[in-house]
Asks: 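Following this message is one structure expressed as structure tokens.
First the proteins, then the strands, lettered A, B, ... as listed; each starts at 1.
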Amino acid sequence: MAGNKFSSYHLAAALRREPDPAAALRLFLNPSSAAASPIPTPFRYSLRCYDLIISKVAAARLFPAMESLLSSLRTSSLSPREPLLCCVISAYGRARLPAAARRAFAHPAFPAPRTSRALNTLLHALLVCHTPLDELFSVCRDADVSPDACTYNILMRAAAASGSVDHARLLFDEMVQRRIAPTVVTFGTLVAAFCSSGRLDEAFDLKEAMARQYNVRPNAHVYASLMKGLCQSGDADNAVRLKEEMAGNAELGLDSAIYATLVRALFRVGRKGEVVGLLEEMKGRGIAVDRVVHNAMIAGFCEDEMDLDAAFVVLDDMQKSGCKADTVSYNTLVAGLCKLGRWRDANELVEDMPRRGCSPDVVTYRMLFDGMCAVGEFHEANQVLDEMVFKGFAPSKDGVKRFVQGIEIEGDVVLLESALCRLAKVNALESSGWEKAVGGVLHEPAELMLDKQLNSVRLVD
DNA sequence: TTAGGGTTAG
């Protein structure tokens, strides 16, 4: 840098190198800190510098900083481009701040007019925030932007998410009428919507029509949705056929996830005997029998067959084949053991998890805690609660309710008081369900002492 | 800028 004047070009390079968004912000606000010699003031920021810093702070959700950068961008003579605006809108969407996303869409720092790209980004951000469908339509009307295929795809997904597949279908008809060509994403969205509402015939009709009528070839997304739909409906025969169809088309990239779906479905319909053949087939096709396929088998043995021994054999096999079990593998086993009332075995397994290279997560503890509460082992559950609270995990609402009711029935006021304190520490006392449950505790005069305690924990949220 | 499948809880 010696001899060279520090320019916005150098600042951009420094910003790009800086992984920490807060540090990058400091750098941006005080560029001289990165310069070897004094730099002229005021520093002339390039659009590139604004692009870099705003995308960084947006990704890090440093929203106040982001807004002040946008304000200073507005007063500059620079004209930022729409992709930066999209980045801001998406960040608000990811942070579940729909009103902020809408304000950003109209931000004066970005020169009008908006294109469909910004509108689509806004619609998607609002969709992520579960904005009602009619509000999305009103956003479209207000935006005064011509919708494109992507706009329709997002609206269709929103319609399906709101439970109205028929509305999604109407939107499809509308876009065709308006001569907006449906894309492979359009079909993927609609096929998934039909499948998840169990309307498989319409999903398959659409798969046929997309190729024949619209000249759009079904891709892996479309097949994956169809496979899930068939498996959920218990139609293993057609699921196997569909898998064969995928195998016949290399472009579709038949993979282990499709096999895992199928494996789980075969267990569900009591055809686990066919699974070994499927695994052989996978090997023959050079598709790894990976963790997810093993997990599907573990789930099958635990939930469908109630054969925990066989599930543990799968766990061993998976380790032997160099495939590391994950929390899902163990959680499935813990749930299976608990369901059979074998909470001691479940507890042992959980205690053994760290040694096996897998730390129990919030799901593990919740299932163990619930499993113990379900069979009235409240003192054992209390031990688990200790560990959970220590790790900052909160038990499930149902678990809390059952636990609190259980120790209340046992009449252990001291334990109840201590449990409430620990539950408060992990904010597990928000549910109105337990407040009712505990409400009944306070009738006995001996327990009125708890009232004060209770009021104090209620303040925690 | 938009769509999918895996597995545990809720």
Asks: Taking only residues two or more places apart in sequence or in another chain, which ones pass side chain to side chain contact (heavy atoms under 4.5 Å, CB included) with A:Ser321?
Replies: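 Per chain and number, A:Ser321 pairs via side chain to side chain contact (heavy atoms under 4.5 Å, CB included) with A:His294, A:Cys323.
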Asks: Considering residues at least two apart in sequence or located in another chain, which fulfil the side chain to side chain contact (heavy atoms under 4.5 Å, CB included) criterion with A:Lys283?
Replies: A:Glu280, A:Val289
Asks: List in numerical order all residues of residues 242-265 of chain A for which some heavy atom is under 4.0 Å away from an atom belonging to DNA chain B.
Replies: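 Under 4.0 Å from DNA chain B: A:Asp255, A:Ala257, A:Ala260, A:Thr261, A:Arg264.
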Asks: Can you name the residues that form a side chain to side chain contact (heavy atoms under 4.5 Å, CB included) with A:Leu278, not counting sequence neighbours?
Replies: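 So A:Leu278 forms a side chain to side chain contact (heavy atoms under 4.5 Å, CB included) with A:Lys243, A:Tyr259, A:Leu262, A:Val263, A:Leu266, A:Glu281.
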Asks: Return each pair, listed once, that meets side-chain hydrogen bond (donor to acceptor under 3.5 Å, both in side chains) where at least one residue sits in residues 117-134 of chain A; pairs must be two or more places apart or across chains.
Replies: A:Asn120-A:Asp148, A:Asn120-A:Thr151
Asks: Which residues, if any, of residues 110-129 of chain A bring a heavy atom under 4.0 Å of DNA chain B?
Replies: A:Ser116, A:Arg117, A:Asn120, A:Thr121, A:His124
Asks: Quick check on contacts: within residues 158-184 of chain A, what sits under 4.0 Å from DNA chain B by heavy-atom distance?
Replies: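 Within this stretch, A:Val184 sit under 4.0 Å of the strand.
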Asks: With sequence neighbours excluded, what pairs up with A:Asp304 under the side chain to side chain contact (heavy atoms under 4.5 Å, CB included) test?
Replies: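 A:Asp304 satisfies side chain to side chain contact (heavy atoms under 4.5 Å, CB included) with A:Arg264, A:Phe267, A:Arg268 only.
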Asks: Distance-only check: which donor-acceptor pairs under 3.5 Å involve side-chain atoms of residues 54-62 of chain A, not counting sequence neighbours?
Replies:
| unit_1 | atom_1 | unit_2 | atom_2 | d |
| --- | --- | --- | --- | --- |
| A:Ser55 | OG | A:Asp51 | O | 2.3 |
| A:Lys56 | NZ | A:Leu15 | O | 3.2 |
| A:Lys56 | NZ | A:Glu18 | O | 2.8 |
| A:Arg61 | NH2 | A:Arg94 | O | 3.2 |

Asks: I need the residues from residues 292-312 of chain A with at least one non-hydrogen atom less than 4.0 Å from DNA chain B; give them sorted by number, or say none.
Replies: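 The stretch gives A:Val292, A:Asn295, A:Ala296, A:Glu303 as the residues lying under 4.0 Å from the strand, ordered by number.
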Asks: Show every donor-acceptor pair shorter than 3.5 Å between a side-chain atom in residues 343-350 of chain A and any protein atom, with sequence neighbours excluded, or say none if there are none.
Replies:
| unit_1 | atom_1 | unit_2 | atom_2 | d |
| --- | --- | --- | --- | --- |
| A:Asp345 | OD2 | A:Arg342 | NE | 2.9 |
| A:Asp345 | OD2 | A:Arg342 | NH2 | 3.2 |

Asks: Could you give the side-chain donor-acceptor pairs of residues 305-314 of chain A under 3.5 Å, partners two or more places apart or in another chain?
Replies:
| unit_1 | atom_1 | unit_2 | atom_2 | d |
| --- | --- | --- | --- | --- |
| A:Glu305 | OE1 | A:Lys272 | NZ | 3.4 |
| A:Asp307 | OD1 | A:Asp309 | N | 3.4 |
| A:Asp307 | OD1 | A:Ala310 | N | 3.0 |

